[in-house]
J.: 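Have a look at this one.
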Amino acid sequence: MLEFRKEYFKDERDDRLNEVGQPRQRQDMLGHVTGRTRYFDDHAFEGLLHLKVLRSPHPHARLRSIDTAAAERAPGVKRVIRAADVPVNKNTLLSLINFGKDDEPLLAADKVRYKGEPILAIVAESEAAAYDALTKVRVEYDPLPAVFDVEEALKSGAPVVNETYPTNAFEYHEKYNHQKLRFGDVERAFAQADFIVEERYQMSPIEHAPTETNGSIAAPETNDRFVVHTCTQALFFSLGTAAKLLDVPSNRLHFLGGTVGGGFGGKVDSLTEPLSILGAMLTGRPVRYVLNREEEMLYGCPRGAERHYVKDGVMRDGRIIARKVTSYFDAGAYTRLSSYGAVKCIAHIPGPYTIPNVHAECYCVYTNRTPATAMRGFGITGVDFSLEVQMDKLAHKVGMDPMEFRILNAYRDGDMKAHRREAHNCALIECVQVAAEKASWPIRDEYRRMNSMTGGGGERAVIPPTATDEGGRIGAGRPATSTPPRPPPPTVAPPPRAPVPAAAQPRAPQPATTQARPAVPPPPAPPPPVAPAKPAATPQHGATRFSSVFGTRRR
Amino acid sequence: MARHRGRGMAAINYPIGMNLGGDPSQALVHSNPEGKFTVTLSAIDLGQGMKQVTRQIAAETLGVPIADVYVDTADSDTGPHDMGSFASRGTHRVGNAVAAAAKEARGVMMEAAAEELEVNAADLDTDGRGNIHVKGAPSRAISVKDVAVAAQFRQGKTIAGRGIFLIPLSEVNPETGEMSPVSCYAHACLVADLEVDDETGEVTVLKMTSAYELGRAINPKMVEQQLVGGAWMGMSHALFETPEPYYPDTAHGPRDFNEYVMPGPGDICPHDIAVLERPAPDGPFGGKGPGEMCANPVLPAVANAIFNAVGVRVDSLPITPEKVLRAIKAQGGARPQGAPGGRR
């Protein structure tokens, strides 16, 4: 059931329109409902080859040796693709908008950083032949200690997940190991508050679970180009990522897509296109690389886990006067888009409320799990869960109706937000009023009469005096997380196995460029020593030239 | 042992478009010689309706019927650059680019019509049904088709337009977090009514009641599909989904849809929705975008309703029967909290 409430904001709209606002049938509807819409995998090519990748069974291990001799002799195998075959085997997705350092290989070269990380690819006449050949590859691993908890990963002595970020935290502004938000003075406000409510919230990873798994088909064309049918959510983003990894000019790639069987954020990472194209380059034949359901579920990059500590100061009359949030985004082994999500989280705090004192820190943390990525509501969904459950607890604490409590604290046109921009075009109060009315949830008249257009601005538009600090300075030792992490409350089911323990003492000051770290000394078993990594600045793997590729290309 | 009714609510806002901006979209619009238009993009339709939203925006701007416009996407050779379909940016960013391209094409079309009718282009208007007429004199008119024929074969004009929309990239202050994240926000408030079984810990969502403010709803039916489907995904996030049920332990990873627990058709509940439209000052016809935010209020509303039903707070997602049951046991039994704002 859906109704339009046109009486709200009617003065701000001109409703005399012909097409906009009409419930027209979609131009693609007939194709969808008759099953005739063509998706990327509905394109047939003569001589199509199939690509499958070998994935690490370990969450963290050094690669000692890889023996592909038997796999290369296996029936139907056309080509084994190794890390050294990737022209530029290091990338970070957001390098396309110049944000962050290259930190992720297309195929693992020296070590694997999560269970399921691709190590090599096999291109064969059929999927079955490719799978069969994968079982003939012999890899020797030296397992390394792994870390799976964001707060453990930030502790001194934790295993280094990703040498590009040796403290296991993304580096913001080349200065801090987190993004800060400072507005007013929360500590002074906490001292004045009638009640303090401090809580911990956790969101586990979530899989996008699209009907159509990630995939692409790349084929050589006769004009020195490659056509790529793909289910990417971002055509030029994926084209740019592939062009960078393969070191080809962007106009040699012709990407076709636009009709996708469900994305929800899980098809931005360009998981398959670079390898499909590389396979086509190396074999001169069309190559199809599609994740199977298990790969999609476990290694196809989920919505990352988030942990939020929220501390609020509230007055007896229901006004929230201070909010302090410390957030940890679990990026998994590589950055992908998590660094961006953490900044979006900071921009969202303290939620759609006008609170005069706000303090927040958000960390993008590396752990030895499948790299996380964007998903519907990226950077916001977990924050909203935390803040809105917190709001319910606050309303309960001060004895207010939760609807009225939201309206009392809601932001209004003209209010100053914590990121120092004036609010406009607000409509939270109206949504609460309408939802209450529809649900027959009684609210008092004075709350029914309030609105977003009036009552804001003035004193509420003032940017308060704000002290800044140097906490979390890169290279200055342990981050100053001013909210001490608390243990999970007893209502949470304990995990069957404890996370990898790490030393609790503060991390000694280190220069940011230090790569080698002392080994972790935890019981029960002493881990193997962590070997020094190569300097991050030098190009690590693979040739940047393309001559070997050109030799086999069909013209 | 009993089943306890509970009711909870949550209110949220949602930023429209990529945080900090810097995410351009382009569009091209051109007419064939019969006055039929093609919008060319590289934007992606994930099922959310990208093609149809841009089609309606183009038709409205051009002043022609919807049947005279089709959208072609996505081909990197013909479609101009677009950042991608994510961050609730499609309607706002691509919609604005299409509106700009259609406006430019409309300008040429009106000039061509003015030449045919021997009047000033500023005195002309479209009727939305395929004709162009002199304002105040509907009989002095010419069809869009005749204008296109004349432009192509007599006047040598291209009825075409280019559009781009870009919110320049904002800086972020390292010390204070000062920044310009986005230019507009959508809003929502949602009430969840549910039942908690204190013997099994199972939660059954009975009904959702909501108000969503989305800016201008470009296509009401597509708004409805987003809100209904998105809220269902929110319910799934709240109660079912994760590949790591004992996070940070990585065990029990699912391999297929038998092992990845999601609600089925029997778990879907009625959802009573109100839509409010406060137009975004910089949106296409005031449009914002319902794509992502529709799921978000459901998670906390469900958690708050569970507290209302049995008095336990499960602050870790997803709220599985195991967690609910353990919490009820730790508390020594269910403690219903009474009815906030009455109960159905």
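Just so it is clear: chains get the letters A, B, ... in the order the sequence lines come, proteins before strands, and each one is counted from 1.
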J.: Go through the atoms of Leu387(A) and report whether side chain, backbone, both or neither lie under 4.5 Å from a heavy atom of chain B.
T.: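 Neither part; nothing is under 4.5 Å.
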J.: How would you list, by chain and number, every residue that makes a salt bridge (Lys or Arg N to Asp or Glu O under 4.0 Å) with Arg278(B), sequence neighbours excluded?
T.: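 Once residues adjacent in sequence are excluded, the partners of Arg278(B) under the salt bridge (Lys or Arg N to Asp or Glu O under 4.0 Å) criterion are Glu12(A), Asp413(A).
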J.: Looking at Glu174(A), His173(A), Lys180(A), which one forms a side chain to side chain contact (heavy atoms under 4.5 Å, CB included) with Pro174(B)?
T.: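 The single option meeting the side chain to side chain contact (heavy atoms under 4.5 Å, CB included) with Pro174(B) is His173(A).
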J.: Is there a donor-acceptor contact under 3.5 Å from the side chain of Arg182(A) to the main chain of Gly177(B)?
T.: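 No: the side chain of Arg182(A) does not pair with the backbone of Gly177(B).
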J.: Look at Gln433(A), Met375(A), Lys10(A), Met391(A) and state which one has the largest set of heavy-atom pairs under 4.5 Å with chain B.
T.: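 Among Gln433(A), Met375(A), Lys10(A), Met391(A), the one with the most close pairs to chain B is Met375(A).
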J.: When you compare the side chain of Pro254(B) with that of Leu298(A), does any pair of heavy atoms fall below 4.5 Å?
T.: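 Yes, side chains in contact.
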J.: Heavy-atom distances under 4.5 Å only: say whether Tyr8(A) touches chain B with side chain, backbone, both or neither.
T.: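 Backbone plus side chain of Tyr8(A), per the 4.5 Å heavy-atom cut-off to chain B.
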J.: Can you check whether Ala427(A)'s main-chain N or O pairs, donor with acceptor, with Glu213(B)'s side chain at less than 3.5 Å?
T.: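 Between the backbone of Ala427(A) and the side chain of Glu213(B) there is no qualifying donor-acceptor contact (under 3.5 Å).
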J.: In terms of heavy-atom proximity below 4.5 Å to chain B, should Val389(A) be classed as side chain, backbone, both, or neither?
T.: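 For Val389(A), the contact with chain B is made by backbone and side chain together.
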J.: Can you name the nearest heavy-atom pair linking Ala274(B) to Arg5(A), along with the distance?
T.: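 Shortest heavy-atom contact: CB-CG, 3.9 Å.
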J.: Can you tell me which of Tyr353(A), Tyr340(A), Tyr172(A) forms the most heavy-atom pairs within a distance under 4.5 Å of chain B?
T.: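 Counting heavy-atom pairs under 4.5 Å, the top option is Tyr340(A).
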J.: Phe237(A) vs Phe86(B) aromatic rings, parallel, tilted or perpendicular, using cut-offs 30° and 60°?
T.: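 Phe237(A) vs Phe86(B) ring planes: perpendicular.
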J.: Given 3.5 Å as the limit, does a donor-acceptor pair link the side chain of His424(A) with the main chain of Ser183(B), or not?
T.: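 Side chain of His424(A) to backbone of Ser183(B), a donor-acceptor pair under 3.5 Å: yes, one is there.
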J.: Could you check which of Pro302(A), Ala234(A), Gly377(A) has the highest count of heavy-atom pairs closer than 4.5 Å to chain B?
T.: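 The residue among Pro302(A), Ala234(A), Gly377(A) with the greatest pair count is Gly377(A).
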J.: With no hydrogens and no angle check, is any side-chain donor or acceptor of Tyr70(B) less than 3.5 Å from a backbone partner on Gln27(A)?
T.: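 No.
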J.: Measure distances from Lys393(A) to the heavy atoms of chain B and classify the residue's part below 4.5 Å as side chain, backbone, both or neither.
T.: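 The answer is both parts of Lys393(A).
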J.: Would you say Glu60(B) and Asn18(A) make side-chain contact, with heavy atoms under 4.5 Å?
T.: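 They are in contact (side-chain heavy atoms under 4.5 Å apart), so the answer is yes.
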J.: Would you name the heavy atoms of Ala211(B) and Cys431(A) that are closest together and state the gap between them?
T.: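 Between these two residues, the closest heavy atoms are CB-O, 3.4 Å.
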J.: Where do Asp15(A) and Arg216(B) land on the salt bridge (charged side-chain N to carboxylate O under 4.0 Å, His left out) test, with the steps shown first?
T.: CA-CA 9 Å; Asp15(A) 286 340; Arg216(B) 171 94 61 183; 2.8 Å; yes
J.: Is the gap between the ring centers of His237(B) and Phe385(A) under 6.0 Å?
T.: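 They do not qualify: ring centres at least 6.0 Å apart.
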J.: Mind checking the NE2-CG spacing from His271(B) to Leu2(A)? Nearest 0.5 Å is all I need.
T.: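 Here the interatomic distance stands at 8.5 Å.
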J.: So what's closer than 4.5 Å to chain B heavy atoms on Glu430(A): side chain, backbone, both or neither?
T.: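 The answer is both parts of Glu430(A).
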J.: Under a 4.0 Å N-O cut-off, is there an ion pair linking Arg369(A) with Glu244(B)?
T.: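 Yes, this pair counts.
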J.: If we ignore hydrogens and angles and just use 3.5 Å, is the side chain of Glu19(A) paired with the main-chain N or O of Ala59(B) as donor and acceptor?
T.: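 Here the side-chain-to-backbone pair does not exist.
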J.: Between Asp272(B) and Lys438(A), which heavy-atom pair has the shortest distance, and what is it?
T.: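 Nearest pair, atom of Asp272(B) first, then Lys438(A): OD1-NZ, 3.2 Å.
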J.: Nearest 0.5 Å, what's the CD1-OG1 distance between Ile463(A) and Thr176(B)?
T.: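 So the gap between those two atoms works out to 8.5 Å.
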J.: Which bit of Phe183(A) is near chain B, if near means a heavy-atom gap under 4.5 Å: side chain, backbone, both or neither?
T.: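 No part of it gets close to chain B.
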J.: Side chain, backbone, both or neither: which part of Glu7(A) has a non-hydrogen atom closer than 4.5 Å to chain B?
T.: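 Contact with chain B is absent: no heavy atom of Glu7(A) under 4.5 Å.
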J.: Which is it for Ser85(B) and Lys267(A) under the side-chain hydrogen bond (donor to acceptor under 3.5 Å, both in side chains) test, yes or no, and what are the steps along the way?
T.: CA-CA 10 Å; Ser85(B) 288; Lys267(A) 290 175 178 168; over 6 Å; no
J.: Give me the atom names and distance for the closest heavy-atom approach of Ala439(A) to Thr209(B).
T.: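 Scanning both residues, the minimum pair turns out to be N-CG2, 3.8 Å.
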J.: Do Tyr260(B) and Glu207(A) touch side chain to side chain, with heavy atoms closer than 4.5 Å?
T.: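 The answer is yes; the side chains approach within 4.5 Å.
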J.: Quick check: does any side chain N or O of Asn425(A) sit under 3.5 Å from a backbone N or O of Pro279(B), one acting as donor and the other as acceptor?
T.: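 Between the backbone of Pro279(B) and the side chain of Asn425(A) there is a qualifying donor-acceptor contact (under 3.5 Å).
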J.: Carefully, step by step, assess Asp77(B) and Arg225(A) under the rule salt bridge (charged side-chain N to carboxylate O under 4.0 Å, His left out).
T.: CA-CA 12 Å; Asp77(B) 276 10; Arg225(A) 304 176 81 205; 2.8 Å; yes
J.: Heavy-atom distances under 4.5 Å only: say whether Ser180(B) touches chain A with side chain, backbone, both or neither.
T.: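 For Ser180(B), heavy atoms of backbone and side chain both lie under 4.5 Å from chain A.
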J.: What verdict does the side-chain hydrogen bond (donor to acceptor under 3.5 Å, both in side chains) test give for Tyr185(B) and His348(A), after you've listed the backbone C-alpha separation in whole Å, the side-chain angles of each residue and the deciding distance to 0.1 Å?
T.: CA-CA 11 Å; Tyr185(B) 292 81; His348(A) 193 60; over 6 Å; no
J.: Go through the steps to decide whether Tyr247(B) and Asp149(A) satisfy the test side-chain hydrogen bond (donor to acceptor under 3.5 Å, both in side chains), and finish with yes or no.
T.: CA-CA 8 Å; Tyr247(B) 177 91; Asp149(A) 182 88; 5.6 Å; no
J.: Donor-acceptor pair, distance only, cut-off 3.5 Å: does the side chain of Glu388(A) make one with the backbone of Pro300(B)?
T.: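 Such a contact is absent between Glu388(A) side chain and Pro300(B) backbone.
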J.: Give the intermediate values and the outcome of side-chain hydrogen bond (donor to acceptor under 3.5 Å, both in side chains) for residues Thr381(A) and Asn296(B).
T.: CA-CA 5 Å; Thr381(A) 302; Asn296(B) 288 354; 2.7 Å; yes
J.: Could you tell me which portion of Asp392(A) (side chain, backbone, both or neither) has an atom closer than 4.5 angstrom to a non-hydrogen atom of chain B?
T.: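 Interface part for Asp392(A): both.
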J.: Which bit of Ala209(A) is near chain B, if near means a heavy-atom gap under 4.5 Å: side chain, backbone, both or neither?
T.: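 Both parts, backbone and side chain.
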J.: For Leu239(A), is it the side chain, the backbone, both or neither that has a heavy atom under 4.5 Å from a heavy atom of chain B?
T.: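 Side chain of Leu239(A) only, per the 4.5 Å heavy-atom cut-off to chain B.
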J.: Please flag which part of Arg13(A) lies under 4.5 Å from any non-hydrogen atom of chain B: side chain, backbone, both or neither.
T.: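 Both parts, heavy atoms under 4.5 Å.
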J.: Can you run down the salt bridge (charged side-chain N to carboxylate O under 4.0 Å, His left out) pairs that involve residues 175-190 of chain B, sequence neighbours left out, and say none if there aren't any?
T.: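 Found Lys175(A)-Glu175(B), Arg421(A)-Glu178(B).
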J.: Do Asn173(B) and His419(A) have a side chain donor and acceptor closer than 3.5 Å?
T.: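 Checked: Asn173(B)/His419(A) side chains show no N/O donor-acceptor pair below 3.5 Å.
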J.: Does a side-chain heavy-atom distance below 4.5 Å link Asp249(B) with Phe148(A)?
T.: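 A side-chain contact under 4.5 Å is absent here.
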J.: Where on His396(A) is there a heavy atom nearer than 4.5 Å to chain B: the side chain, the backbone, both, or neither?
T.: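 Contact with chain B is through the side chain of His396(A) alone.
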J.: Tell me whether Glu3(A) contacts the main-chain N or O of Ile273(B) through its side chain, where contact means a donor paired with an acceptor under 3.5 Å.
T.: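 No, Glu3(A) side chain to Ile273(B) backbone: no donor-acceptor pair under 3.5 Å.
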J.: Identify which part of Met403(A) has an atom lying under 4.5 Å from any heavy atom of chain B, answering side chain, backbone, both or neither.
T.: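 Both parts, backbone and side chain.
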J.: Hey, which of Lys115(A), His32(A), Arg303(A), Met29(A) has the most heavy atom pairs under 4.5 Å with chain B?
T.: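 It is Arg303(A).
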J.: Among Val434(A), Thr468(A), Ile346(A), Ile380(A), single out the residue with the greatest number of heavy-atom pairs under 4.5 Å to chain B.
T.: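 Greatest number of close heavy-atom pairs with chain B: Ile380(A).
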J.: For the interface with chain B, which of Ile97(A), Asn292(A), Val343(A), Asn368(A) has the highest count of heavy-atom pairs at distances below 4.5 Å?
T.: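 Max contact count across the listed options: Val343(A).
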J.: Between Arg24(A) and chain B, which part of the residue has a heavy atom less than 4.5 Å away: side chain, backbone, both or neither?
T.: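 Arg24(A) touches chain B through backbone and side-chain heavy atoms alike.
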